[in-house]
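The structure appears below as structure tokens.
Below, all heavy atoms of this structure are taken into account, side chains as well, without hydrogens, waters or symmetry copies.
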Amino acid sequence: MEYFCYHRDRPDSLPLREELLERHWSYMDRYEKELIARGPAFTHDGETLTGSVHIIDLPDPAAARAFAFDEPNYQAGAYRDVLLRRWRNMLGRTMWDFPGDRGSGSHYLVLGLGEGPAADLDLPPDRDELIAYGPLLADDGDTWLGTAVLLRAPSPDAARAVLTPDRYADIEVHAWEFGGRR
């Protein structure tokens, strides 16, 4: 089962996150084979950390909750909240398989939260710019709750345009970077 996990930072938590960086990476190293994508999210200027994205394939909801809530930064209070949802990998690949140049262009996390009939289940036409793409689902694995996307785009507005605006209660766009040691 695939899960989307977004740990949102508390204000002014950067010193604590820097102190715990090696513990965080060591924790994530334990999940190296299960990770689909990971990396930090920032404000549009790329200066202020807003959170950490982890997309992971785990056996069940209990394992996903343990992954999210045993994470060292969460345990130390660096995060203000955690969004943990089932997710479906529409690309069938990991971020390490991204066909584009990881070092060029701007990368974004686009997070659309909604309800009702599912939206944006078809991949956008320019899939080579997509790093990760899929619906956010309830624990039953069927009920649509939104869409989470990692992509390369020329601007935050272009990144936001990957989702159908009137189908979401809110669409967040964060600058995002490839994370991890590999």
Heavy atoms of other groups near Asp166 CG, more than 12 under 6.0 Å
yes
What heavy-atom pair brings Phe42 and Leu49 nearest, and what distance separates the two atoms?
CE2-CD1, 3.2 Å
Look at the side-chain heavy atoms of Ile, Leu, Val, Met, Phe, Trp and Tyr, link any pair under 4.5 Å apart, and say whether Met90 and Met1 land in one connected group.
no
Asp139 backbone acceptor or donor facing Arg86 side chain under 3.5 Å:
yes
Joint hydrophobic cluster, Leu91 plus Val110, side-chain heavy atoms closer than 4.5 Å:
yes
Report yes or no: do Leu84 and Leu58 belong to one cluster of Ile/Leu/Val/Met/Phe/Trp/Tyr joined by side chain heavy-atom distances under 4.5 Å?
yes
Cut-off 3.5 Å, no hydrogens considered: what does the side-chain donor-acceptor table look like for residues 157-164, sequence neighbours left out?
| residue | atom | partner | partner atom | Å |
| --- | --- | --- | --- | --- |
| Arg160 | NH1 | Ile171 | O | 2.8 |
| Thr164 | OG1 | Asp120 | OD1 | 2.7 |

His107 versus Glu177, side-chain donor and acceptor atoms under 3.5 Å
no
Do any N or O atoms from the side chain of Tyr27 and from the backbone of Phe67 form a donor-acceptor pair under 3.5 angstrom?
yes
Do you reckon Met95 sits in the same ILVMFWY cluster as Trp25, going by side-chain contacts under 4.5 Å, direct or chained?
no
Side-chain (Asp9) to main-chain (Tyr79) donor-acceptor, under 3.5 angstrom
no
Greater than 12 external heavy atoms within 6.0 Å of Asp70's CG
yes
Just to verify, what does Asp126 make a salt bridge (Lys or Arg N to Asp or Glu O under 4.0 Å) with, not counting sequence neighbours?
none
Identify, with sequence neighbours excluded, every residue that meets ring-ring contact (aromatic ring centres under 6.0 Å, His included) alongside Tyr6.
His174
Do other residues, nucleotides or ligands put more than 12 heavy atoms under 6.0 Å from the CD atom of Glu115?
no
Quick one, Pro99 and Arg93 - any side-chain contact, counting heavy atoms below 4.5 Å?
yes
Looking only at heavy atoms, what is the nearest atom pair of Tyr3 and Pro61, with distance?
OH-N, 3.0 Å
Hey, does the side chain of Ser52 reach the backbone of His7 with a donor-acceptor pair shorter than 3.5 angstrom?
no
Side-chain heavy atoms under 4.5 angstrom apart, residues restricted to Ile, Leu, Val, Met, Phe, Trp, Tyr: same cluster for Leu113 and Val173?
no
Residue list, salt bridge (Lys or Arg N to Asp or Glu O under 4.0 Å) with Glu172, at least two apart or on another chain:
Arg8
Taking atom types as modelled, find out whether Ser104 and Arg152 have a side-chain donor-acceptor pair closer than 3.5 angstrom.
yes
If the test is side chain to side chain contact (heavy atoms under 4.5 Å, CB included), which one of Leu136, Asp170, Val53 qualifies with Leu111?
Leu136
In this structure, CZ of Arg17 is separated from NE2 of His24 (nearest 0.5 Å) by 6.5 Å
Test of understanding: with ring-ring contact (aromatic ring centres under 6.0 Å, His included), list the residues that count as partners of Tyr74, not counting sequence neighbours.
Phe69
Residues passing the side chain to side chain donor-acceptor pair (under 3.5 Å) test with Thr94, sequence neighbours excluded, are Asp97
Rounded to the nearest 0.5 Å, the NZ atom of Lys33 sits from the CD1 atom of Ile56 at a distance of 13.0 Å
Apply the side chain to side chain contact (heavy atoms under 4.5 Å, CB included) test between Leu150 and each candidate in Tyr133, Phe178, Trp176; give the one that qualifies.
Trp176
